[in-house]
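Below is one structure; the comments refer to it alone.
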Amino acid sequence: MNESPDPLLDLLHLLDLEQIERDIFRGVSRSSLVPRVFGGQVAAQALVAAGRTVPDDRGAHSLHSYFLRAGDPGAPIVYTVDRIRDGRSFTTRRVVAVQHGQPIFHLSASFQSHEEGMEHQAPMPAAPDPETLPTAAEMLPRYADRFSDPGVVDRLIEARAAVDLRYVDAPPFGTVGKAREPRSQVWFRTNGKLADDPLLHVCMATYVSDMTLLDSVLLAHGRGGWAVGDVVGASLDHAMWFHRPFRADEWLLYDQESPSASGGRGLGQARIYTADGRLAITVIQEGVVRIPRG
């Protein structure tokens with residue numbers, strides 16, 4: 001396994017887009033488990049592009065996006081930002097990601113200057129201390145016999161080397177053939193400290209949010225996932241609301257569930273909490289989830 005000596009630094013370089021015009025940016029891709037660009041990467045890069053055109057005193061509070069085409073990991077991605085609105089409190093940006101002359105992703109993001117207001121939140125669910133849970137490097141080899149390709153474990157570990165992501169219960173490929181409650185929890189944080197840049201922490205959480213959100217869809221049907229080969233699929237859309245400040249280099253609980261699957265699609269919804277119980281983010285995603293034919 002050719003793992004970088006500093007995977008987090010590699011990921012930070014991935015999110016540090018090249019500016020090629022006033023509102024045009026270019027990004028590159030990293031290897032993925034599937035022959036397309038990882039959805040969390042393109043979403044995070046698009047949010048970086050949007051954020052680069054917004055005053056520093058306005059933080060991202062929501063994004064809504066659609067995955068239009070599979071991205072080519074071997075080609076650069078050009079992000080064009082449209083400055084939709086600059087109001088007194090809110091700023092809106094639209095970003096289109098283009099490869100080979102075609103749009104592959106569309107994002108709308110809204111930013112707001114800090115404001116005091118009413119406060120309430122859903123309580124944080126019970127979850128074990130993340131330090132008591134196995135790391136990916138400790139957990140994944142236990143399931144090596146579930147994958148037809150013996151190299152999947154190493155590639156999974158390498159793909160997640162920049163992020164310490166720990167499952168509370170067995171992942172979908174750990175209980176293939178056994179339907180479970182459509183709910184999943186993971187703790188995550190980056191494997192290293194990040195700069196004190198709120199946009200960076202929001203973009204890093206956006207990147208991680210696409211890793212496991214549809215797991216709960218698979219759990220409801222006893223399916224193991226893309227690496228096992230008993231389903232095929234891809235993200236269709238992705239929305240996030242950023243409620244309160246957080247750091248992506250400190251433990252965050254990703255509490256996920258699936259309220260519905262139908263028509264070859266599965267819906268995942270989730271809340272992300274800080275370790276001290278503050279609701280930081282709400283996430284909703286729909287994806288194609290199909291059983292392979294023949």
Nearest-0.5 Å distance, [atom1] of residue [X] to [atom2] of residue [Y]:
X      : Y      : atom1 : atom2 : answer
Leu11  : Thr190 : CG    : OG1   : 9.0 Å
Asp255 : Arg183 : CG    : CZ    : 4.0 Å
Arg146 : Asp230 : CZ    : CG    : 11.5 Å
Tyr167 : Asp215 : OH    : CG    : 4.0 Å
Leu133 : Trp187 : CG    : CH2   : 9.0 Å
Arg52  : Leu199 : CZ    : CG    : 8.0 Å

Looking only at heavy atoms, which two atoms of [X] and [Y] are closest? And how far apart?
X      : Y      : result
Pro141 : Ala136 : CD-O, 4.0 Å
Val81  : Arg93  : CG1-CD, 3.8 Å
Ser216 : Leu213 : OG-O, 3.7 Å
Asp210 : Ser235 : OD1-OG, 3.1 Å
Val208 : Tyr254 : O-CE2, 4.4 Å
Gly266 : Leu214 : O-CD2, 3.9 Å

Check whether the side chains of [X] and [Y] place a donor and an acceptor atom closer than 3.5 Å, and report yes or no.
X      : Y      : result
His61  : Ser110 : yes
Gln41  : Ser29  : yes
His114 : Gln112 : no

Heavy atoms from other residues, nucleotides or ligands near CG of Asp276 exceed 12 (cutoff 6.0 Å):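 Atom CG in Asp276 is crowded, with more than 12 foreign heavy atoms closer than 6.0 Å.
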Counterpart residues, side chain to side chain contact (heavy atoms under 4.5 Å, CB included), relative to Arg189 (two or more places apart):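 Testing Arg189 for side chain to side chain contact (heavy atoms under 4.5 Å, CB included), a comparison that skips the adjacent residues, returns Glu131, Asp164, Trp251.
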Side-chain (Arg278) to main-chain (Phe246) donor-acceptor, under 3.5 angstrom: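 No; zero donor-acceptor contacts below 3.5 Å.
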Side-chain (Gln19) to main-chain (Glu21) donor-acceptor, under 3.5 angstrom: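 A pair under 3.5 Å: yes.
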Intermediate values then yes/no, ring pair (Phe, Tyr, Trp, His ring centres under 6.0 Å), Tyr79 and Phe105: CA-CA 9 Å; Tyr79 296 91; Phe105 179 80; 7.7 Å; no
Criterion salt bridge (Lys or Arg N to Asp or Glu O under 4.0 Å) on Arg244 and Glu119, from CA distance to verdict: CA-CA 10 Å; Arg244 293 169 180 82; Glu119 282 276 346; 3.0 Å; yes
pair Gln256-Gln185: side-chain heavy atoms closer than 4.5 Å: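 Gln256 does not reach Gln185 side chain to side chain.
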Residue pair Thr91, Arg85: steps toward the side-chain contact (heavy atoms from CB on, under 4.5 Å) verdict: CA-CA 6 Å; Thr91 294; Arg85 180 175 182 266; over 6 Å; no
Audit row: Arg180, Asp169, side-chain contact (heavy atoms from CB on, under 4.5 Å) steps and yes/no: CA-CA 11 Å; Arg180 293 160 50 189; Asp169 297 304; 3.7 Å; yes
Leu68 and His106: CA distance, side-chain angles, deciding distance, side-chain contact (heavy atoms from CB on, under 4.5 Å) verdict: CA-CA 7 Å; Leu68 306 175; His106 173 277; 4.3 Å; yes
